[in-house]
Number of protein chains: 2
Amino acid sequence: MPRPRTPLLSRDRIRAAALALIDKDGLAELSMRKLAQELGVQAASLYSHYKTKEALLDEIGVQILDKVDVTGFAGSDWRAGLTGWARSYRAALAAHPNFVPYLASGPGRHPAALEIADKIHGGLIRAGWPPRYATMIGASTKYLVLGAALTSFARGFDADTQVYLDRYPNLGQAHLLQQMADEIDTDSFELALTAFLDGLDRLRPTLGHLGQPGHE
Amino acid sequence: MPRPRTPLLSRDRIRAAALALIDKDGLAELSMRKLAQELGVQAASLYSHYKTKEALLDEIGVQILDKVDVTGFAGSDWRAGLTGWARSYRAALAAHPNFVPYLASGPGRHPAALEIADKIHGGLIRAGWPPRYATMIGASTKYLVLGAALTSFARGFDADTQVYLDRYPNLGQAHLLQQMADEIDTDSFELALTAFLDGLDRLRPTLGHLGQPGHE
DNA sequence: CTCCTGAACCGAACGTCGTTAGGTAGTTGC
DNA sequence: GCAACTACCTAACGACGTTCGGTTCAGGAG
């Protein structure tokens with residue numbers, strides 16, 4: 001078959017189909033051949049649009065992370081900024097749990113991520129945190145979000161969940177268990193975030209030079 | 001070549017060689033053929049000792065996690081228990097950073113993990129936390145450890161690190177940068193852990209029925 | 001001492017993977 | 001209308017995890 005009159009593929013169509021396959025069957029199940037079949041095309045044709053599989057996955061990654069919201073850092077309320085960022089970050093990852101492992105272990109050095117990191121850093125400094133703390137707080141929050149997104153969804157029911165099950169023997173139906181696991185995940189994340197922010201609140205007054213962001 | 005007089009392979013030798021390869025070249029670079037070559041053997045021979053590659057990786061995982069310490073939960077000081085667990089957990093992962101992605105995204109349902117989860121849960125309840133909070137605190141701490149182990153080492157220099165670089169332009173040599181990145185990672189983890197525990201401390205008195213662990 | 005069962009290796013192969021080369025026909029610009 | 005480009009194809013390469021069947025050694029049974 002030669003070149004068709006109207007293009008069968010587009011980068012958007014490819015990305016959408018790939019992400020749908022990943023959502024349905026998992027990251028490991030995605031192959032260029034299966035993806036091509038899903039699109040009614042041969043595998044080699046995909047390489048007219050994406051240079052490698054990795055390039056495709058990277059672009060899916062930025063698409064997912066596009067929904068992360070850092071507008072909360074516009075004001076001077078650092079707690080609101082961090083909370084909004086962390087929640088939207090986690091929500092973006094939770095929307096495509098099977099893709100999280102790629103985001104978590106990939107190199108991920110897009111300029112968009114840099115820009116976000118800058119906004120967070122700026123917001124924290126504007127709120128009076130010393131630069132070093134701004135850096136660490138940003139990193140810590142990221143730990144929490146990624147850890148929460150990874151351990152909950154990527155694993156399905158993991159060892160910890162099994163413990164919950166032992167303690168709730170009357171819940172026998174699978175979808176209820178899943179729902180309960182989701183709820184525990186969400187509650188755990190919220191608890192961690194709140195406790196972390198509360199701890200920072202308590203730490204703040206003990207810091208010296210607040211409001212005068214020095215170097216190092 | 002037939003069966004040798006003295007066995008060339010053993011599960012321990014295979015595991016050690018595999019982990020060495022992973023540490024050196026990364027998880028993705030490990031293949032059964034390369035591993036066999038490293039051991040002076042054909043790939044098929046490995047299957048006399050491990051049924052699949054996944055079984056091998058799983059056993060490497062339990063070996064790594066064997067160093068996690070939960071003895072701190074023996075007493076009634078829940079902070080000491082959590083801190084000891086979290087630090088040893090992170091240290092165990094940091095010892096083999098290239099393996100962390102597998103642990104983070106794998107199913108990982110070994111009985112050892114269950115036992116650890118139980119000890120943590122028991123320790124927290126003995127310290128007076130309601131069961132539901134014990135569950136959430138355990139999960140939250142795990143988020144932190146896994147997130148910290150993943151985002152720092154698995155990625156080498158990620159986007160955030162680039163920000164640090166911009167702010168420390170006088171550090172030009174690579175090994176100094178790596179050392180600084182490690183230090184920031186450690187400090188961030190410690191900050192997150194401390195702030196989280198402080199936040200829990202603050203939350204604790206506001207909870208009702210402390211010391212009388214009820215159900216749900 | 002022999003026989004047998006099982007274990008530990010090998011060579012060769014199967015099917016799948018990401019990717020590339022080379023071909024062909026439609027589209028676009030001069 | 002011709003060239004350059006584009007978007008598809010078929011076919012293949014090398015690497016992967018794994019399996020099959022074969023060969024040789026080890027250890028226990030008679």
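Within every chain, numbering begins at 1; the chains are lettered A, B, ... in the order of the sequence lines, protein sequences first and strands thereafter. Hydrogens, waters and symmetry mates are skipped; everything else that's a heavy atom, side chains included, is used.
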Reckon A:Gln42 touches a base, only the sugar-phosphate, or nothing at all at heavy-atom distances under 4.0 Å?
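It contacts base atoms.
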Ion pair check, A:Asp25 and A:Lys34, cut-off under 4.0 Å:
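A:Lys34 and A:Asp25: not salt-bridged.
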By nearest heavy atom, map A:Ser48 and B:Thr52 onto DNA chain D; which one lands nearer the 5' end?
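Residue closer to the 5' terminus by nearest nucleotide: A:Ser48.
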With heavy-atom distances below 4.5 Å as the criterion, would you say the side chains of B:Ile60 and B:Tyr102 are in contact?
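Contact flag for B:Ile60/B:Tyr102 side chains = no.
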Please list, chain by chain and in numerical order, all residues satisfying side chain to side chain contact (heavy atoms under 4.5 Å, CB included) with A:Thr52, sequence neighbours excluded.
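With neighbours one apart ignored, the set is A:Glu54, A:Ala55.
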Starting at OG of A:Ser188, measure out to CD of A:Glu190 and round the result to the nearest 0.5 Å.
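Spacing of OG (A:Ser188) from CD (A:Glu190) equals 10.0 Å.
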For DNA chain D, the residues among residues 27-41 of chain A that have a non-hydrogen atom under 4.0 Å from it:
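Those residues are A:Arg33, A:Val41.
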Residue pairs, two or more places apart or on separate chains, that pass side-chain hydrogen bond (donor to acceptor under 3.5 Å, both in side chains) and touch residues 35-49 of chain A
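Qualifying pairs, neighbours excluded: none.
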Compare the minimum distances between each of D:dT19, C:dC10, D:dC9 and the side chain of B:Tyr47, then state the nucleotide with the smallest one.
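Side chain of B:Tyr47 sits closest to D:dT19.
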Round to a whole Å and report the spacing from [atom1] of [X] to [atom2] of [N].
| X | N | atom1 | atom2 | value |
| --- | --- | --- | --- | --- |
| B:Leu46 | D:dG17 | CG | P | 10 Å |
| A:His49 | C:dT19 | NE2 | P | 16 Å |
| B:Lys53 | D:dA15 | NZ | C1' | 11 Å |

Closest heavy-atom contact between B:Lys142 and B:Trp85?
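The answer is N-CH2, 4.1 Å.
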